[in-house]
Amino acid sequence: MRVFYISGGTLRYPTNRGRIAEIPYVAADVETTGLSAADGHRVCEFALLRFLRGTVIDSLVSLVNPLRPIDPGASAVNGITDEMVAVAPTFADLLPRILDFLADDPLVFHNAPFDLSFLRSEARIAGGSWPGNPVIDTLTLARRTGRFRSHSLPNICRELGIGCTFHRAEADAWAAGKLLLHLSPPDGNP
C-alpha cells in the first residue's frame, strides 16, 4: 500500500494532503552485529529522531546489548565494540519506550528493507511486533530522481552538501531526515 505519493512534484501525506515537511516524522537507523537478521544478527544501536519542519524536536538513541558478539567486519564499519554494548539495555528492555516514542508518525529510512528486517526481528524476539507506521525510503526516492552516481547515504549527502559523519545510528538517521527534505523540495520535482 502506498502511503505517500507525489503530487505536483511534492511528496505528500494523504491523510492531511499536506507536505511531509509540515508533519512530524521519525527518521530512523540501526547499527547491527552483521548484515542479515535472518542469519541471527542483531541490533547493537538504534536512533529515532523526530523532525518537524527540518528540525529535530525529539530523539531516542541508545546502544543495545545484542546478546551476541559483534562481527569484526560490522565493528570495523560502525565502530561499535562488544565492550561498548556489554552494559547497554537489550532491545526487549527498550521496545516499550520505542513504541511509545514512534506513536503513529511516518518513519523515514535510507534502505528501509534492511533496517525494518532487523527491527521486525528484534520486536518478534522480544515477544512483540513492529508497528505498521507509514514508511518512506529515501533510497527509493533518490533512485527515482536519476540524479546521483551512487545511492549510498554518504555519497548522496556529499553531493547535496548535507554535512554529516556516517555509520552510527544517530548520524545516519539525521542524514536521512535531512535528505528527505532535499528529495521533496517545495517547488521542484523530487
Between Phe51 and Tyr25, what is the ring plane arrangement, given parallel below 30°, perpendicular above 60°, and tilted in between? parallel

Tell me whether the rings of Phe148 and His151 are parallel (<30°), tilted (30 to 60°) or perpendicular (>60°). perpendicular

Output the distance between atom [atom1] ([X]) and atom [atom2] ([Y]), rounded to the nearest 0.5 Å.
{"X": "Leu95", "Y": "Glu122", "atom1": "CG", "atom2": "CD", "answer": "9.5 Å"}
{"X": "Ile162", "Y": "Leu179", "atom1": "CD1", "atom2": "CG", "answer": "5.0 Å"}
{"X": "Ile57", "Y": "Thr55", "atom1": "CD1", "atom2": "OG1", "answer": "8.5 Å"}
{"X": "Phe101", "Y": "Leu60", "atom1": "CZ", "atom2": "CG", "answer": "6.0 Å"}
{"X": "Glu170", "Y": "Asp172", "atom1": "CD", "atom2": "CG", "answer": "10.5 Å"}
{"X": "Leu99", "Y": "Ser129", "atom1": "CG", "atom2": "OG", "answer": "7.5 Å"}

Could you tell me whether a side-chain N or O of [X] sits under 3.5 Å from a main-chain N or O of [Y], the two making a donor and an acceptor?
{"X": "Thr33", "Y": "Arg42", "value": "yes"}
{"X": "Asn133", "Y": "Pro106", "value": "no"}
{"X": "Glu45", "Y": "Glu31", "value": "no"}
{"X": "Asn78", "Y": "His167", "value": "no"}
{"X": "Asp58", "Y": "Arg50", "value": "no"}

Mind checking whether [X] and [Y] sit in one hydrophobic cluster, side chains of I, L, V, M, F, W, Y counted as touching below 4.5 Å?
{"X": "Leu153", "Y": "Ile80", "result": "no"}
{"X": "Val64", "Y": "Leu102", "result": "yes"}
{"X": "Val56", "Y": "Leu180", "result": "yes"}
{"X": "Phe114", "Y": "Leu119", "result": "yes"}

For atom CG of Leu35, is the number of surrounding heavy atoms from other residues, nucleotides or ligands below 6.0 Å larger than 12? no

Tell me yes or no: between the side chains of Ser36 and His41, is some donor less than 3.5 Å from an acceptor? no

Show every side chain to side chain donor-acceptor pair (under 3.5 Å) that has at least one partner inside residues 80-98, sequence neighbours left out. Thr81-Glu83, Thr90-Asp93

Nearest heavy-atom contact between Ala28 and Leu48 is CB-CD2, 3.6 Å

As a quick check of understanding, evaluate side chain to side chain contact (heavy atoms under 4.5 Å, CB included) for Cys157 and Phe166, giving each step before the final call. CA-CA 10 Å; Cys157 287; Phe166 295 95; 3.7 Å; yes

4.5 Å side-chain heavy-atom contact, Ile125 and Ser121: yes

Using a 4.5 Å cut-off on heavy atoms from C-beta on, say whether the side chain of Trp130 contacts that of Leu107. yes

Evaluation steps, side chain to side chain contact (heavy atoms under 4.5 Å, CB included), between Phe46 and Asp115: CA-CA 10 Å; Phe46 75 89; Asp115 294 83; over 6 Å; no

Kindly indicate, with the supporting measurements, whether the criterion side chain to side chain contact (heavy atoms under 4.5 Å, CB included) is fulfilled by His182 and Ile156. CA-CA 10 Å; His182 282 268; Ile156 293 171; over 6 Å; no

Do His110 and Asp29 pass the side chain to side chain contact (heavy atoms under 4.5 Å, CB included) test, and can you show the C-alpha distance, the side-chain angles, and the key distance before you say yes or no? CA-CA 8 Å; His110 192 78; Asp29 189 70; over 6 Å; no

